[in-house]
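The structure appears below as structure tokens.
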Amino acid sequence: MAKQNYNPAEIEPRWQAYWEEEGVFRCLNPGDAGFDESRPKYYVLDMFPYPSGAGLHVGHPEGYTATDIMARFKRMRGFNVLHPMGWDAFGLPAEQHAIRTGTHPAISTAENINMFRRQLKALGFSYDWDREFATTDEEYFRWTQWIFSQLYERGLAYVSEVPVWWCPEMGTVLANEEVINGRSERGDFECERRPLKQWMLRITDYAERLLADLDGLDWPESVKTMQREWIGKSEGAEVSFQVAGHQDAVIDVFTTRPDTLFGASFMVLAPEHPLVDQITSAAQKDAVADYKRMAASKSELDRTDLAREMSGVFTGAYGLNPLFAADDPRAKLPVWIADYVIVTYGTGAIMAVPAGDDRDFRFTQEFDLPVPAIFAPKTGDADRDAAIAAGKECFVGEAPYINSSNAEIDLTGKSMVEAKKLVIEYLSGREVGKSKITYRLRDWLFSRQRYWGEPFPVLHYEDGSHALVPDSDLPITLPEVDDYRPSGRPEALLAKAEDWVKTRDAAGRECKRETNTMPNWAGSCWYYLRFLDPKNSQRFVSEAAEKYWMPVDLYIGGVEHAVLHLLYARFWHKVLYDLGQVHTKEPFQKLYNQGMILSFAYEDERGATVPVSDAEEDGEAYRHKKTGVPLKQVVAKMSKTLQNVVNPDEVISDYGADTLRLYEMFMGPLADAKPWNTKDVPGTHRFLNRVWRLICPEDSEQGSIHAHLAAERDSDADLERLLHRCIHKVAGDIERLAFNTAIAAMMNFVNEATKAGDKLSRSQALRFVQCIAPFAPHLGEELWSRLGGGEVLVYASWPLVDESLLQDDMVEMAVQILGKLRARIQVPADAGEDVILEMARAAVKDQLAGKTIRKEIVVKGRLVNFVAN
RNA sequence: GCGGAGGUGGCGGAAUCGGCAGACGCAGCAGACUUAAAAUCUGCCGGCCUUUACAGGCCAUGGGGGUUCGAGUCCCCCCCUCCGCACCA
């Protein structure tokens, strides 16, 4: 028999095979034979990956290890745990690969999934693989199409011709959320606005609920803030302005500050505003046309550049302030067009109040327009106050009103809230205004012109009408095409499949299939529901499974999905809730974002990147191995260009999966970004080795353990105390996702147990092994089995903690004088204040000599502080 | 500009409720074992100063002020880093 030490390459595949063969992680549903409904449930979910051709990188196992520890811990705590994994497999990369190689996306996707599955299994994650599916499976996207039909029937899906983002490089349109500063979020390609006929989803109908329901969620505040900002609710008023000399023209504006209407001195329309041509005077016609042309040619980036100067042109028309009579000189407001007003927000027109708005004020400075003062603030800066009251500076906020009255209302002395109310009441009474809520959120542009996505279950007729494909005909599958290359025109790729497009409806009428496909986000909008009941052919999920498992108790993934995926999924979920298909208003009760794993990279003096393999440490500095030039160490995202990518397969082959899992959890807090340090990995591996040697003799025969662990005997009291503390600390830390400190606690125990030699008892060894098993499950099972722990460790219940053992009989306390440490004393844990004080005084007798004690502070178990001088 | 998170040894980080700053790990130093090395084990390991030693003192959590017997933690001002939003009326 071969002698062996800790050998992950041998034990890890063995236990993985065992788990799989025995179906250890199979998770039962209500109604299944053997399902125990007395146990509480726990649904712990990873954001499922897009299976790219590059395989797993070290960022993936970070979140996956965290959820796996939680899943394993909750199982040991007696929960029914649902911990599934699947594939977000529609998307552009597979299609681009197809363009390059001619391989059908379905084939490369299947290959990538196989690679990902193999890599994930090598990490020992406790997924119920029986529930695995890909969004590209017909039996899955059948229901994605079905949900679309539900949206359609509720009037939440519609076709509209609106200006949308078209990305020529990707050959598709994109949603607002996918375009940042006029460039695509994926790939960073230039995009342009084009009016195109597209499918839209009415997410704006849910804006208020998407906003309000954030409050009840246990999510990172930063993500909630991002969603709130994206929804962008603002409360104010809509005000209608007559246009002098144009009976049929009314300019509606949206304002959050109706109380400043008395200070309106001009108006601004977006250059694209539909009224511009109608109201422009003959004299201004050319100037306006020129300006419109200029604004249209500007890229989105130029238009949103804050630093640039304000531009605009007078239209020659005048709006009339509804607070004043038409012949009152204060009523007449020149109407300008300017590109600082954007057509897609509010009504695309504003009333300009330079005394109360910084942008409007800057505009008056640019074009030398008057600034009627409406505020007289007391900011404490007398010069500034005077300038504001004189209309020489603007003031944004709440301040006492001046010059704000007409024959019927007077804002003098009113608060902002009162003033807003007064003005809105005045306007409503005359039907020239009303209170109004505006959202920044736009409807979701839901169609793409690409191949590798879900087809729409929609038929088009010659007369321009369209209808849904009946549910019984779902799924609509993708046709075969020869050529995946985009045409360069905004035209759907599926249009090339003419035989597929031309079809007949159930009644035999000729019609054409919708040729757009759904965006990548569609599949991830409801996958968490399908995991509950993935094989159901009658419903997208059974009622019983949905009622039992929802909501997701813990959802871990990257912060990059803060707005897109998480907002879209919440929207669909709420629609399903309204349809009575799910019973919770929100899908994800607790959300947690893991931080990005960064890596060191090296730059020479010119800032050029040097491959990590060419850098060497030279004392405190770094230099190039070959040329010797000094290098600077930087922390950066892992990338091919920086040549600092760490490959998880290599880490596993060098140290094993347990070491990789443990290292990623030990690096630092889960939520933080942190650099991968190759030199630290052996440290965690050493720790696992120490755990091994604590239980197995060096060069042991297979399956052997230390002689003193072979039979049960009395446990050493000190070690028992340390063990209880360790178990308690680890359990608490897992609950709060503080895995780094949990590991530190286990290291402490192992250090102490190692020093204690053969005092460790079999029972203690078994309990410690249970404690470490969620982190290093293969090592855990192996040692559990060698110690004779019985059945598989996965379902052994978490060791009990005796609260009374968490504290020592004697505790060390600090003795301070004026807050400075002067001595330490050992006192019985249950000692009274008198006893403690007596011992403390004795301990610092010399330092107290000649001083008067003014006050004595005792914090039991911590310290004594003498206020003495 | 607005909003959010953060700044602690040579490095990653700990300090959960205002109570002994630096747990745990890495790197480093010294020693044991070894013919030697690796591996392993033990000890030391924030800075400055006093001291033969034992010990002891002072400073220290980005900077400055404050509250408190006591502040990494609370309050005010400032600096820096990262993230999000960005003419949103």
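What you see is a predicted model, and the numbers here were worked out from it, not measured in a lab. In the text below, chain A, chain B and the rest are named by the order of the sequence lines, each starting its count at 1.
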Check your understanding: What is the distance from CG of Leu670(A) to C1' of A14(B), rounded to the nearest Å?
Key -> 17 Å

Exercise for review: Give one of base, sugar-phosphate or nothing for Gly232(A), where a contact means two heavy atoms less than 4.0 Å apart.
Suggested key: nothing

Exercise for review: Please work out if Glu856(A) contacts a base, only the sugar-phosphate, or nothing of the nucleic acid, heavy-atom cut-off 4.0 Å.
Suggested key: nothing

Review point. Between the side chains of Tyr6(A) and Thr659(A), does any donor sit under 3.5 Å from an acceptor?
Key: no

**Study point:** Nucleotide opposite U67(B) in a Watson-Crick or G-U pair, distances under 3.5 Å
**Key:** none

Review point. Taking a pair as Watson-Crick or G-U wobble with both distances under 3.5 Å, which nucleotide is matched to A15(B)?
Key: none

Point to revise | Protein-nucleotide distance (Met813(A), atom CE; G70(B), atom P), rounded to Å | key: 18 Å

Exercise for review: Provide, to the nearest angstrom, the distance between the CG atom belonging to Leu662(A) and the C1' atom belonging to G25(B).
Suggested key: 11 Å

Review point. OP1, OP2 of G3(B) versus side-chain N and O of Ser222(A): anything below 4.0 Å?
Key: no

**Study point:** Polar side-chain contact Asp680(A)-C26(B) base: donor and acceptor under 3.5 Å
**Key:** no

Review point. Distance from Lys759(A) atom NZ to Glu752(A) atom CD, nearest 0.5 Å?
Key: 10.5 Å

**Study point:** Interatomic distance where CZ belongs to Phe600(A) and C1' belongs to C11(B) [whole Å]
**Key:** 7 Å

Check your understanding: Hey, does the side chain of Arg440(A) come within less than 4.0 Å of A86(B)'s phosphate (OP1/OP2), counting only N and O?
Key -> yes

Exercise for review: Mind calculating the distance between CD1 (Ile857(A)) and C1' (C69(B)) to the nearest angstrom?
Suggested key: 3 Å

Exercise for review: Under a 3.5 Å limit for both distances, which nucleotide forms a Watson-Crick or G-U wobble pair with U40(B), could you say?
Suggested key: A32(B)

Practice item. Compute the ring centroids of Phe266(A) and Phe363(A), then answer whether they are less than 6.0 Å apart. Key: yes

Review point. Counting any heavy atom closer than 4.0 Å, what does Arg442(A) reach on the DNA or RNA strands: base, sugar-phosphate only, or nothing?
Key: nothing

Exercise for review: Can you tell me the distance, in whole Å, between the CE atom of Met226(A) and the P atom of C85(B)?
Suggested key: 7 Å

Check your understanding: Can you check whether Arg862(A) has a side-chain N or O nearer than 4.0 Å to OP1 or OP2 of G70(B)?
Key -> no

Check your understanding: Arg824(A) has an atom CZ; how far is it from atom P of A55(B), in whole Å?
Key -> 13 Å

Review point. Which part of the nucleic acid, if any, lies within reach of Asp357(A) when heavy atoms closer than 4.0 Å are counted: base, sugar-phosphate only, or nothing?
Key: nothing

Practice item. Write down the partner of C58(B) under the Watson-Crick or G-U wobble criteria, each distance required to be under 3.5 Å. Key: G47(B)

Point to revise | N-glycosidic conformation, G62(B) - syn within 90 degrees of 0, else anti | key: anti

Exercise for review: Indicate whether any N or O donor in one side chain lies under 3.5 Å from an N or O acceptor in the other, for Tyr663(A) and Asn677(A).
Suggested key: no

**Study point:** Lys729(A) side chain, from C-beta outward: closest of C20(B), A23(B), U16(B)
**Key:** U16(B)

**Study point:** Presence of Asn751(A) side-chain N/O under 4.0 Å of G25(B) phosphate oxygens OP1/OP2
**Key:** yes

Point to revise | Side chain of Leu821(A) (C-beta onward), nearest among A89(B), G3(B), C20(B) | key: C20(B)

Exercise for review: State whether Asn748(A) places a side-chain N or O below 4.0 Å from either non-bridging phosphate oxygen (OP1 or OP2) of C24(B).
Suggested key: yes

Check your understanding: Within the structure, does a side-chain N or O atom of Arg686(A) lie under 4.0 Å from either OP1 or OP2 of A39(B)?
Key -> no

**Study point:** Proximal nucleotide (of C59(B), U16(B), G12(B)) relative to the Asp733(A) side chain
**Key:** U16(B)

Point to revise | Phosphate contact (G25(B) OP1 or OP2) by Lys674(A) side-chain N/O below 4.0 Å | key: no

Exercise for review: Compare every heavy atom of Thr65(A) with every heavy atom of Arg661(A), then report the nearest pair and how far apart it is.
Suggested key: CB-CG2, 3.8 Å

Study note, to complete from the structure: Between CD1 of Ile817(A) and P of C58(B) the distance, given in whole Å, is 11 Å

Check your understanding: Within the structure, does a side-chain N or O atom of Arg690(A) lie under 4.0 Å from either OP1 or OP2 of C41(B)?
Key -> yes

Exercise for review: For Asn644(A) and Ala636(A), work out which heavy atoms get closest and say how close.
Suggested key: ND2-O, 4.0 Å

**Study point:** Lys679(A) side-chain N/O to A27(B) phosphate OP1/OP2 under 4.0 Å
**Key:** no

Exercise for review: Identify whether any heavy atom of Pro669(A) sits under 4.0 Å from a base atom; if not, whether one sits that close to sugar-phosphate; answer base, sugar-phosphate or nothing.
Suggested key: sugar-phosphate

**Study point:** Counterpart base for A89(B), defined by Watson-Crick or G-U wobble contacts under 3.5 Å
**Key:** none

Review point. Is the base of C58(B) syn or anti, where syn means the angle lies within 90° of 0?
Key: anti

**Study point:** Nearest heavy atoms of Tyr345(A) and Ser234(A), plus distance in Å
**Key:** OH-OG, 2.9 Å

Revision key, fill the gap. By the Watson-Crick or G-U definition, both distances under 3.5 Å, G84(B) is matched with C2(B)

Practice item. Tell me which of Ala814(A) and Phe666(A) sits closer to the 5' end of RNA chain B, going by the nucleotide each one is nearest to. Key: Ala814(A)

